[in-house]
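Data first, discussion second: the structure below is written as structure tokens.
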Amino acid sequence: MNKKTIVAVGGGEIGRTKILPDGTTYQTEIETTLIDKFIIEASGKKNPKMLFIGTASNDKTTYLDIITTHFKNRLGCASVEPLNLVGTNISYEEIKRKIFSADIIYVGGGDTTSMLKIWKELDVDKLLYEAYNQGIVLSGISAGAVCWFEYYDNSDDIDNIEQLDIVSGLSFVKGFAVPHYNCLTPDEKQKINEKLKDKNINGWSIDDCVAIVFQDDELKIISCRPDRTVTQIP
């Protein structure tokens, strides 16, 4: 059986098409290939099957298209199948079938709190924990990275940094995690550190283009840029 694996990616682009204010479009860089190749290798298969969970972004088809292009067309996954949970009547049996048919589960970014609420209502969290213990690779970016930890912050849900708080995640791995750390202001970083100290919680700051990897009892950092890293906080 494969090692129990979680790959938490702080952020990064994989070739999205963005629209500028003047209406012109451009394609973003592909920044996380080193990490994404590791995710595939961790499955133990040359052409693994990936399940994409886009709950945090309301199961947008455009997000699925980007993931499919990157992981299937560029990196050789045999398939990228979505698990759509928002506004559907999908059965528990179908959710279970999809999860346990996958070699890799990749969770997209967006609203972490909303995503976890839906997962818990449908028992997706319990099925993912079973998948984790069976050696199916769990991975994700931004919201899809921090959800696996004991704690994350609620910055996606608030407009004022003074309302910042530390909230509970899935607890598949210990501690707190914050993504996009290199993009935060000094005030935002200070506020997070203060909250963690108040609650006596240790955690990890994950920059864009970097992943923290947990495999059984081992921990490793994969960085796609020499100026980006993961650090322990506070």
Original post:
If two hydrophobic side chains count as joined below 4.5 Å and joins carry through other members, does Ile222 share a cluster with Val9?
Top reply: yes

Original post:
In terms of ring plane angle, is the pair Trp148 and Trp119 parallel, tilted or perpendicular, where the classes change at 30° and 60°?
Top reply: tilted

Original post:
Do Ile206 and Leu219 sit in the same hydrophobic cluster, where Ile, Leu, Val, Met, Phe, Trp and Tyr count as joined when their side-chain heavy atoms come under 4.5 Å apart?
Top reply: yes

Subject >> Reported CD1-to-CD1 distance for the pair Ile221 and Ile212, which is rounded to 0.5 angstrom >> reply: 4.0 Å

Original post:
Between Asn58 (side chain) and Lys60 (backbone), is there a donor-acceptor pair under 3.5 Å?
Top reply: no

Original post:
Counting only N and O atoms by type, is there a donor-acceptor contact under 3.5 Å from the side chain of Asn200 to the main-chain atoms of Leu196?
Top reply: no

**OP:** Identify whether the distance between the nearest side-chain nitrogen and carboxylate oxygen of Asp123 and Lys126 falls below 4.0 Å.
**Re:** yes

Original post:
So with a 6.0 Å cut-off around CD of Glu29, is the heavy-atom count from everything else above 12?
Top reply: no

Subject >> Validation row: Ile35, Cys224 side chains within 4.5 angstrom (heavy atoms) >> reply: yes

Subject >> No-hydrogen, no-angle side-chain donor-acceptor test under 3.5 Å, Ser205 and Thr231 >> reply: yes

**OP:** Using a cut-off of 6.0 Å, state whether more than 12 heavy atoms not belonging to Lys189 lie near its atom NZ.
**Re:** yes

**OP:** To the nearest 0.5 angstrom, please state how far the CD1 atom of Ile53 sits from the CD1 atom of Ile67.
**Re:** 12.0 Å

Subject >> Pairing of Lys4 and Glu218 as salt bridge, 4.0 angstrom limit >> reply: no

Original post:
Honestly curious: do Val167 and Val146 fall in one hydrophobic cluster under the side-chain, below-4.5 Å linking rule?
Top reply: yes

Original post:
Between Glu31 and Ile14, is any pair of side-chain heavy atoms under 4.5 Å apart?
Top reply: no

Original post:
Do Tyr106 side-chain atoms and Val80 backbone N/O form a donor-acceptor pair below 3.5 Å?
Top reply: no

Original post:
Are the charged groups of Asp125 and Lys120 less than 4.0 angstrom apart, N to O?
Top reply: no

Subject >> Side-chain donor/acceptor of Glu13 to backbone N/O of Thr28, under 3.5 Å >> reply: no

Original post:
Does Gly175 offer a backbone N or O that forms a donor-acceptor pair with the side chain of Glu150 under 3.5 Å?
Top reply: yes

Original post:
Is there a path of hydrophobic side-chain contacts, each under 4.5 Å between heavy atoms of I, L, V, M, F, W or Y residues, that connects Leu138 with Ile40?
Top reply: no

Subject >> Backbone of Asp111 reached by a side-chain donor or acceptor of Ser114 within 3.5 Å >> reply: no

Original post:
Do NZ/NE/NH1/NH2 and the carboxylate oxygens of Glu81 and Lys98 come within less than 4.0 Å?
Top reply: yes

Original post:
Distance-only, no hydrogens or angles: does the Asn47 side chain make a donor-acceptor pair with backbone N or O of Cys77 under 3.5 Å?
Top reply: no

Subject >> N-O pairing of Lys96 and Glu130 below 4.0 Å >> reply: no

Subject >> Straight-line distance of Glu94 CD to Thr88 OG1, nearest 0.5 Å >> reply: 10.0 Å

Original post:
Thr185 and Asp187: side-chain donor and acceptor closer than 3.5 Å?
Top reply: no

Original post:
Can you tell me if Asp207 uses its side chain to pair, donor with acceptor, with the backbone of Asn182 under 3.5 Å?
Top reply: yes

Subject >> Among Val178, Leu170, Thr113, side-chain contact (heavy atoms from CB on, under 4.5 Å) partner for Tyr152 >> reply: Thr113

**OP:** Take Lys37 and Glu41, measure what salt bridge (Lys or Arg N to Asp or Glu O under 4.0 Å) needs, and give me the verdict at the end.
**Re:** CA-CA 6 Å; Lys37 285 182 176 179; Glu41 291 167 6; over 6 Å; no

Original post:
So with a 6.0 Å cut-off around CZ of Phe172, is the heavy-atom count from everything else above 12?
Top reply: yes

Original post:
How about Leu85 and Ile95: do any of their side-chain heavy atoms sit closer than 4.5 Å?
Top reply: yes

Original post:
Hey, mind stepping through Val210 and Tyr181 against side chain to side chain contact (heavy atoms under 4.5 Å, CB included) and telling me if it holds?
Top reply: CA-CA 10 Å; Val210 184; Tyr181 196 70; over 6 Å; no

Subject >> Lys191/Glu188 salt bridge by N-O under 4.0 Å criterion >> reply: no

Subject >> Check: Gln27 side chain, Gly15 main-chain N or O, donor-acceptor pair, under 3.5 Å >> reply: yes

Original post:
Would you say Asp103 and Val137 make side-chain contact, with heavy atoms under 4.5 Å?
Top reply: no

Original post:
Above 12 or not: heavy atoms from other molecules or residues under 6.0 Å from CG of Asp217?
Top reply: no

Original post:
Do Leu64 and Val107 share a hydrophobic cluster, counting only Ile, Leu, Val, Met, Phe, Trp and Tyr and linking them when any side-chain heavy atoms are less than 4.5 Å apart?
Top reply: no

**OP:** Grab the two heavy atoms, one from Asn154 and one from Gln163, that are nearest each other, plus how far apart they are.
**Re:** ND2-O, 3.5 Å

**OP:** Can you measure from CG (Leu51) to CG (Leu83) and round to the nearest 0.5 angstrom?
**Re:** 5.0 Å

**OP:** Identify the heavy atoms of Thr32 and Gly11 that sit nearest to each other, and give their distance.
**Re:** CG2-O, 3.7 Å

Original post:
Cation over ring, Lys174 on Phe149, under 6.0 Å and within 45°?
Top reply: no

Original post:
Considering residues, nucleotides and ligands other than Asp22, do more than 12 of their heavy atoms fall under 6.0 Å from its CG?
Top reply: yes

Subject >> Nearest heavy atoms of Cys147 and Leu116, plus distance in Å >> reply: CB-CD2, 4.0 Å

Original post:
Does the side chain to side chain contact (heavy atoms under 4.5 Å, CB included) test come out yes or no for Asp153 and Phe176, once each step is laid out?
Top reply: CA-CA 8 Å; Asp153 69 71; Phe176 165 88; 3.9 Å; yes

Original post:
What are the two closest non-hydrogen atoms of Ile104 and Ser139, and how far apart are they?
Top reply: CG2-OG, 3.9 Å

Subject >> Pairwise distance CG(Asn84) to OG1(Thr55) - rounded to 0.5 angstrom >> reply: 8.0 Å

Original post:
Do you see a donor-acceptor pair shorter than 3.5 Å between the side chains of Gln215 and Thr5?
Top reply: yes

Subject >> Contact check, side chains of Tyr63 and Phe52, non-hydrogen atoms, under 4.5 Å >> reply: yes

Subject >> Euclidean distance, Arg74 CZ relative to Thr69 OG1, rounded to 0.5 Å >> reply: 6.5 Å

Original post:
How about Lys199 and Tyr151: do any of their side-chain heavy atoms sit closer than 4.5 Å?
Top reply: no

Original post:
Short question: side chain of Lys49, backbone of Ser101 - any donor-acceptor pair under 3.5 Å?
Top reply: yes

Subject >> Criterion side-chain hydrogen bond (donor to acceptor under 3.5 Å, both in side chains) against Asp208, the qualifying member of Arg225, Arg228, His180 >> reply: His180

